[in-house]
Amino acid sequence: MTAEGAPRVERDGDVVRITLCRPKRRNALSREHLGQLLAAVTEVGHSDAAGIVLAAEGPVFSAGHDFTDVLDAPLPEVRSLLALCTELMETIQSVPQVVLARVHALATAAGCQLVASCDLAVAAESAGFAAPGGKGGWFCHTPMVAIARNVGRKRAMEMALTGDVVDARTALDWGLVNRVVPDGELDAAVDDLMGRAIRGSRASKAWGKQTMYAQLDRPERDAYATAIEVMAAASQIDGAREGMRSFLEKRPPVWTD
């Protein structure tokens, strides 16, 4: 039985949907909720699922950190809270599954960080994105680590310094999301992109995802050195051999992983 406010975890075929369920708290990422999300993502990560959809219910996707955890808390407690949040973001990128954010509404601060940390993101036209600390008193230092790696320096600085909401179409143009669709078409668009993202060899894709994150922020020479070693090694796995063999034999591939 799911505890009140705990994320809802539902599996449909090869895809697991993890839904934030604290609508009255604007899906704020309290310490408890972060721990629950981390446990859910970790558990799915050890399963045979191929994909994870990260969704939310209520009028806001996520308002970020729950200030009741932070206000008047001593420094060690705030540091450990931010470390827990970072662990969740890093786990999303380290699990072998494709993780796709389904963004139906406003995502701010650590909520926007959550979207930026996912492999893919599909947003409804009514969604918005912000790092509001820039116009408040607690700058969005940790959210901007993920956001800046999606949108680039100048746009990241604009989001961080102004704190203004970026609409979904602008977020698409800036690279924060992959698709923007009318609200009523959100689930269909999520299913379509996820379906295309999880096809093929799961072992190959899992290794590919891990290597992508390992090389993206490295100097080009280092990135190539990493990619060469992994790609050479990956040529030896069953999925790679089947993909090449089926291509040469002009037949559909049969994936065993």
Side-chain angles (χ1 to χ4, degrees), residues 2-3 5-9 16-22 25-56 60-71 73-103 107-121 129 131-133 138-151 156 160 176 205-218 226:
T2 302
R8 187 169 62 249
V9 181
V16 175
R17 177 174 292 210
I18 300 175
T19 305
L20 281 66
C21 300
R22 300 183 76 206
R25 296 290 299 169
R26 298 167 65 86
N27 292 314
L29 299 175
S30 67
R31 182 184 292 274
E32 180 185 26
H33 207 49
L34 284 169
Q36 292 166 340
L37 281 170
L38 176 59
V41 173
T42 300
E43 183 175 356
V44 178
H46 289 115
S47 76
D48 64 351
I52 298 171
V53 172
L54 191 60
V60 173
F61 177 81
S62 176
H65 287 294
D66 191 329
F67 285 173
T68 59
D69 285 339
V70 181
L71 184 62
L75 176 60
E77 286 189 18
V78 180
R79 184 183 291 121
S80 70
L81 174 68
L82 296 175
L84 175 61
C85 184
T86 299
E87 185 180 359
L88 170 62
M89 305 302 166
E90 291 177 340
T91 300
I92 286 170
Q93 296 186 344
S94 68
V95 293
Q97 288 81 10
V98 176
V99 185
L100 188 156
R102 174 195 181 275
V103 191
T108 67
C112 189
Q113 178 186 8
L114 194 59
V115 176
S117 297
C118 290
D119 307 319
L120 303 169
F129 305 85
W138 196 30
F139 198 86
C140 289
H141 298 280
T142 50
M144 292 313 304
V145 173
I147 295 169
R149 282 161 170 73
N150 282 237
V151 305
L176 189 57
K205 198 181 302 289
W207 207 351
K209 170 179 168 175
Q210 181 183 43
T211 306
M212 279 284 288
Y213 285 118
Q215 62 90 359
L216 275 174
D217 296 310
R218 293 187 180 184
T226 298

Quiz item: Does F139 have any ring-ring contact (aromatic ring centres under 6.0 Å, His included) partners at least two apart in sequence or in another chain, and if so, which?
Solution: H141

Quiz item: Is S117 close to V99 at the side-chain level, that is, under 4.5 Å between some pair of heavy atoms?
Solution: no

Self-check item: Sequence neighbours excluded, every pair satisfying salt bridge (Lys or Arg N to Asp or Glu O under 4.0 Å) that has a member inside residues 83-94
Solution: none

Self-check item: salt bridge (Lys or Arg N to Asp or Glu O under 4.0 Å) contacts touching residues 35-53 (sequence neighbours left out)
Solution: R11-D48

Self-check item: Results of side-chain hydrogen bond (donor to acceptor under 3.5 Å, both in side chains) for S94 - residues two or more places apart only
Solution: none

Exercise. Kindly write out the residues that satisfy side-chain hydrogen bond (donor to acceptor under 3.5 Å, both in side chains) with S30, not counting sequence neighbours, or none if the list is empty.
Key: R22

Quiz item: Hey, are the side chains of V44 and V95 touching, using non-hydrogen atoms and a 4.5 Å cut-off?
Solution: no

Quiz item: In chain order, what residues pass the side-chain hydrogen bond (donor to acceptor under 3.5 Å, both in side chains) check against T68, with sequence neighbours excluded?
Solution: D66

Practice problem: Look up atom CG in L29 and atom CG in L84, then write down how far apart they are to the nearest 0.5 Å. | Solution: 10.0 Å

Quiz item: If you round to the nearest 0.5 Å, how far is CD of Q210 from CD of Q93?
Solution: 11.5 Å

Quiz item: Can you tell me if K209 uses its side chain to pair, donor with acceptor, with the backbone of V98 under 3.5 Å?
Solution: no

Quiz item: CG of L176 to CZ of R149: how many Å apart, nearest 0.5 Å?
Solution: 14.0 Å

Quiz item: Taking side chain as C-beta onward, heavy atoms only, is I92 less than 4.5 Å from I52?
Solution: no

Self-check item: A63 versus T108, closest heavy-atom pair with distance
Solution: O-OG1, 3.2 Å

Self-check item: Minimum heavy-atom distance V9-A40, with the two atoms named
Solution: CG2-CB, 4.0 Å

Quiz item: Below 4.5 Å, heavy atoms only, C-beta onward: do V78 and W138 meet side chain to side chain?
Solution: yes

Self-check item: Pair R102-T19, side chain to side chain donor-acceptor pair (under 3.5 Å): steps then yes or no
Solution: CA-CA 9 Å; R102 174 195 181 275; T19 305; over 6 Å; no

Self-check item: Non-hydrogen atoms of H33 and G5 that approach each other most closely
Solution: CE1-O, 3.0 Å

Quiz prompt | Inter-residue atom distance E77.CD - D69.CG, 0.5 Å rounding | solution = 9.0 Å

Self-check item: Worked verdict on I147 versus F129 for side chain to side chain contact (heavy atoms under 4.5 Å, CB included)
Solution: CA-CA 10 Å; I147 295 169; F129 305 85; over 6 Å; no

Self-check item: C85 to A110 - nearest heavy-atom pair and separation
Solution: SG-CB, 4.4 Å

Quiz prompt | Atom CZ of F67 with >12 non-hydrogen neighbours under 6.0 angstrom | solution = no

Exercise. Write down the atom of C118, the atom of A101, and the distance for their closest heavy-atom approach.
Key: SG-CB, 3.8 Å

Quiz item: What do you reckon, is CZ of R17 surrounded by more than 12 foreign heavy atoms closer than 6.0 Å?
Solution: yes

Self-check item: Value rounded to 0.5 Å, distance of CZ in F61 from CG in L114
Solution: 5.0 Å

Exercise. Provide the closest heavy-atom pair for S47 versus Q97 in the form atom of the first, atom of the second, distance.
Key: O-NE2, 3.4 Å

Quiz prompt | Straight-line distance of S62 OG to Q113 CD, nearest 0.5 Å | solution = 10.0 Å

Quiz item: Do P143 and H65 have side chains that get closer than 4.5 Å, going by heavy atoms?
Solution: no

